Amino acid sequence: MTDNIFEGLPPPSSSNPDESKDESPSPAPTLVLKSSLKRSKPAESAPDDVSSPPVLKSALKRSKPAESTPEPEPEAPKKRLQFKTSTDASEEQVVEAMQKITSHIKNPSKFSKASKLAIRLIQAGSVKPETSGYFVGMLEAAMSSKTPCTDRLVRGDYHALFSAAQDVAECLDRSQKNLLTIWTIKAVVANDLFTDDSFMFSKTATQIKEAISDLPVATEEDDAEEAAALEQEAVKESGDGETAQDVDEAASAGGQEDVESDPFGLDAWIPSGVKKNGKTKMTKENTDALENKKFLRSKREALITCLEIAARRYKVPWCQTVIDILVKHAFENVSRFTSQQREAVEKLWASVREQHLRRKQGKSVTGKLDVTAFESLQDKYANEKMSIRRSVGANGERRAQQWLG
């Protein structure tokens, strides 16, 4: 009644191999495990003999699509406020403008506005060789004003005008350049002496010294011409000179005399280099020589004016040393000035030297000697032993004789 324990099992295999071949065994039921029902992971294909690195989690993330960089759009032109620095005015318009400025620039009350208009013409490039004559006439009218160019109210405008005029100097001829040089000394260099900047004052004094050194030595002929010029000016100021009517009468009388002396017009056949009575006509060389003499005379006068302005600023403490050196340089080169100007330079040197000695001997409010830093160092190093091994002075007294002494 007991259950058969072999029920459901396959029959035992035969030990005889031949019998196993003849008899076909019945298929045995296969047991299926639950774990085998799970889906197996796909085998990862790896390259031969190369161990693949572990896959990072970040690598499994979906890569972002590449952003396409937009092409830069052409920028729209920005609106800028630009002032027109050049004009398309015709030559007639430029000449008319210069003539109008010339008529107003003589008036001190209108000089400031007129000078600014003249500067605008220069900056616009309106000054050309064709209009240089009108331009020089405009500058000449400015310098002929009753108010001097060194006046406190107009010196800034004069300085700006003639500083700008340097930019068009290449458009002028030789005589016009000489005039511009003289006016620049009077309106720019002289006005720079009124500065409150010690560096600018020293630089201006150096320019004056160089201009003095460039002057040739004055001759007796220069002295005679200066005396004649001063006499003519005195006659004009006194009003005793010839009037315009007298000049016209003298010219007409001279014309009648020429007609009577040459009734047949034979003088026209005489060479142009020789006049009647053996007098030579004015050639180009003579004209250039007279122009050069006039230029040198005016330049000397302008430099004397600068020296006088500098000497009047001797009360300013930081100007004193520079003025001492400047006036001393002029006195050492006094031979480059004419007789009247030499007297002026000698008077300036005597005045400056007297104030210099008074300043060194006098007392100031603090009780100390009223000397500058340069003078105190000069006195200090004049008696200083510059070396302990060798004597400095020529006589072996260890005194500095060449540096500040």
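Keep in mind it's a predicted model, so treat the numbers as computed, not measured. In this chain, numbering begins with 1 at the start of the sequence shown.
In this structure, the side chain of Tyr158 engages the main chain of Ala142 through a donor-acceptor pair within 3.5 Å. Using modelled atom types, no side-chain atom of Arg313 and backbone atom of Cys319 make a donor-acceptor pair closer than 3.5 Å. Put simply, the side chain of Ser115 never gets that close to the backbone of Ala160: no donor and acceptor are under 3.5 Å apart. In this structure, the side chain of Asn292 does not engage the main chain of Asp288 through any donor-acceptor pair within 3.5 Å. Formation of a donor-acceptor pair under 3.5 Å by the Thr195 side chain with backbone atoms of Asp192 is not found in this model.
Take Pro129 and apply the side chain to side chain contact (heavy atoms under 4.5 Å, CB included) test, not counting sequence neighbours, and it matches Cys171. Residues passing the side chain to side chain donor-acceptor pair (under 3.5 Å) test with Ser339, sequence neighbours excluded: none. The side chain to side chain donor-acceptor pair (under 3.5 Å) check on Glu221 picks up Lys293, with sequence neighbours excluded. Remark: Asn178 pairs with no residue by the side chain to side chain donor-acceptor pair (under 3.5 Å) rule, at least two apart or across chains. Qualifying side chain to side chain contact (heavy atoms under 4.5 Å, CB included) partners for Arg152, counting only residues two or more places apart in sequence or in other chains: Arg155. When the side chain to side chain contact (heavy atoms under 4.5 Å, CB included) test is applied to Gln341, the partners found at least two apart in sequence or on another chain are Glu226, Arg300, Glu301, Ile304, Phe337, Thr338. Residues satisfying the salt bridge (Lys or Arg N to Asp or Glu O under 4.0 Å) test with Asp222, not counting sequence neighbours, are none. Every residue two or more places apart in sequence or in another chain that forms a side chain to side chain donor-acceptor pair (under 3.5 Å) with Asp173 is listed here: Ser175. Partners of Gln166 by side chain to side chain contact (heavy atoms under 4.5 Å, CB included), not counting sequence neighbours, listed by chain and number: Leu180, Thr184.
For the atom pair CG (Asn333) and NZ (Lys328), the distance works out to 12.0 Å, reported to the nearest 0.5 Å. A distance of 3.5 Å separates CG in Asp324 from OH in Tyr314, rounded to the nearest 0.5 Å. Here the CD atom belonging to Gln320 is positioned 9.5 Å from the NE2 atom belonging to His356, to the nearest 0.5 angstrom. Distance CD/Gln93 to CD/Glu96: 7.5 Å, rounded to 0.5 Å.
Contact of the Met143 side chain with the Phe162 side chain is registered, since non-hydrogen atoms from C-beta on lie closer than 4.5 Å. Within the 4.5 Å cutoff, no side-chain heavy atoms of Leu307 are placed close to those of Leu303. In this structure, the side chains of Leu139 and Leu179 stay at 4.5 Å or more apart for every pair of heavy atoms. Side-chain contact between Leu121 and Phe135 is absent, with no heavy-atom pair separated by less than 4.5 Å.
Between Thr131 and Ser126, the shortest heavy-atom distance links the atoms OG1-O, 3.2 Å. Considering every non-hydrogen atom in both Val154 and Pro148, the closest pair reads CG2-O, 3.6 Å. Nearest heavy-atom pair, Leu172 versus Ser132, reported as atom, atom and distance to 0.1 Å: CD2-CB, 3.7 Å. Looking at every heavy atom in both residues, Asn191 comes nearest to Cys149 through ND2-O, 3.3 Å. The minimum heavy-atom distance linking Ser298 with Ile182 is given by the pair C-CD1, 3.8 Å. Minimum heavy-atom separation, Ile122 to Ala164: CG2-O, 3.5 Å.
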* To do: Check step by step if side-chain contact (heavy atoms from CB on, under 4.5 Å) holds for Phe295 and Thr181.
  => CA-CA 9 Å; Phe295 167 68; Thr181 301; 4.1 Å; yes

Step-by-step side-chain contact (heavy atoms from CB on, under 4.5 Å) determination, Leu215 to Lys299: CA-CA 9 Å; Leu215 290 174; Lys299 187 176 181 180; 3.9 Å; yes

Test log, rule side-chain contact (heavy atoms from CB on, under 4.5 Å), inputs Phe194 and Ile309
CA-CA 8 Å; Phe194 292 97; Ile309 293 174; 3.6 Å; yes

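More than 12 heavy atoms of other residues, nucleotides or ligands sit less than 6.0 Å from atom NZ of Lys177. For Tyr134, the OH atom counts as loosely surrounded, since its 6.0 Å shell holds 12 or fewer non-hydrogen atoms of other residues, nucleotides or ligands. Heavy-atom neighbours of Glu220 CD from other residues, nucleotides or ligands within 6.0 Å: at or below the threshold of 12.
For residues 330-357, the pairs satisfying salt bridge (charged side-chain N to carboxylate O under 4.0 Å, His left out) are Asp223-Arg342, Glu354-Arg358, with sequence neighbours left out. Within the structure, every pair that satisfies the side chain to side chain donor-acceptor pair (under 3.5 Å) test and touches residues 201-217, not counting sequence neighbours, is listed here: Ser213-His329.
Ring geometry for Trp318 versus Phe201: interplanar angle over 60°, hence perpendicular rather than tilted (30 to 60°).
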Do any side-chain atoms of residues 100-107 form donor-acceptor pairs under 3.5 angstrom with protein atoms, and if so which ones, sequence neighbours left out?
{"from": "Thr102", "atom 1": "OG1", "to": "Met98", "atom 2": "O", "distance (Å)": "2.7"}
{"from": "Ser103", "atom 1": "OG", "to": "Lys100", "atom 2": "O", "distance (Å)": "2.6"}
{"from": "Asn107", "atom 1": "OD1", "to": "Ser109", "atom 2": "N", "distance (Å)": "3.2"}
{"from": "Asn107", "atom 1": "OD1", "to": "Ser109", "atom 2": "OG", "distance (Å)": "3.0"}
{"from": "Asn107", "atom 1": "ND2", "to": "Ser109", "atom 2": "OG", "distance (Å)": "3.3"}

